[in-house]
Amino acid sequence: MTTTNPIIQIKNVYKHYGDLTALNDVSLDIEKGEKVVILGPSGSGKSTLLRSINRLEQIDRGQIIVDGENIVDPANDINKIRQELGMVFQSFNLFPHKTVLQNLTMAPMKLKGVPKDEARETAMRLLTRVGIPDKAGVFPSKLSGGQQQRVAIARALAMNPKIMLFDEPTSALDPEMIGEVLDVMVKLAKDGMTMVVVTHEMGFAREVADRVVFMDYGQVVEVGPPTHFFENPQHERTKLFMKQIL
Ligand code: ADP
Ligand code: MG
């Protein structure tokens with residue numbers, strides 16, 4: 001893909017935890033509407049990279065520009081930038097003492113001043129989109145893991161973000177629930193959302209990813225279309241990883 005007007009620009013980013021280099025000169029541009037899948041062994045820096053994009057982690061060096069705003073610049077309003085970035089974690093992170101509907105309406109009402117009726121209407125539309133409008137009134141503890149994760153996706157979408165970040169969204173799920181969450185993500189991809197997805201679900205990568213990024217030891221080792229990774233990975237580390245995962 002030729003780089004024209006990336007919505008995310010990551011330039012020579014470093015992140016250290018004490019002596020450990022979690023991100024080691026990472027550069028990556030992501031186009032509007034692009035779907036990027038990030039692969040790599042545990043500890044390779046995938047979560048750190050995702051979390052750096054919405055400044056849940058502070059980088060030590062380099063630049064991250066999201067939709068034209070340098071998120072590292074303290075002069076920029078990070079809360080405004082974060083509203084453009086929806087994030088879905090491995091461990092759903094729903095508010096346990098709020099109903100499903102309240103989970104979806106709270107942030108738009110509080111942070112964006114959306115009127116209650118409108119927030120509820122949007123929430124119901126999104127719950128329908130993820131296939132569980134009938135769960136609006138229940139508490140998260142009454143839901144299966146797959147349902148909770150679909151609520152988490154709907155909650156992120158309720159803020160109308162331009163970009164969705166997913167950090168191993170199906171890793172905590174029982175196998176029979178993985179499909180229902182991936183289906184929602186595939187639909188979102190087809191609707192044109194810009195998506196950065198850390199996952200080991202190779203079927204999803206093959207079907208959805210425009211590009212796959214392989215990370216190891218805090219570095220981007222190899223980038224290419226999914227077929228490149230399945231058929232013709234170049235680096236030894238990538239070959240080894242693909243052999244283990246497939
Ligand atoms: P991945 O998501 O690919 O498994 P992470 O980004 O979580 O990798 O972690 C990259 C490296 O940084 C790992 O060695 C991890 O132990 C370390 N790390 C991550 N977060 C912290 C932290 N808050 N404090 C110290 N070390 C951390
Ligand atoms: Mg991780």
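Keep in mind that what you see is a predicted model, and the values were worked out from it rather than measured. Worth knowing before you read on, the calculation uses all heavy atoms, side chains too, and leaves out hydrogens, waters and symmetry mates. All ligand and atom numbering here is 1-based and tracks the order in the structure.
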task = Can you establish whether the number of heavy atoms outside Phe230 located under 6.0 Å from its atom CZ is more than 12?
result = yes
request  = Output yes if Ser47 passes the N/O/S-under-2.8 Å test against the Mg ion (ligand 2); output no otherwise.
outcome  = yes
request  = Quick one, list the residues around ligand 1 where some non-hydrogen atom comes in under 4.0 Å, by chain and residue number.
outcome  = Tyr17, Leu20, Ala22, Pro41, Ser42, Gly43, Ser44, Gly45, Lys46, Ser47, Thr48
key: Distance under 6.0 Å and angle within 45° of ring axis: Arg237 vs Phe214   = no
ask   = Hey, are Lys35 and Asp210 close enough for a salt bridge, meaning a charged N less than 4.0 Å from a carboxylate O?
value = no
Test side-chain contact (heavy atoms from CB on, under 4.5 Å) applied to Asp183 - qualifying residues, sequence neighbours left out = none
Sidechain N-carboxylate O distance under 4.0 Å for Lys162, Asp67 = yes
request  = Report the distance from atom OG1 of Thr194 to atom CD1 of Ile163, rounding to the nearest 0.5 Å.
outcome  = 6.0 Å
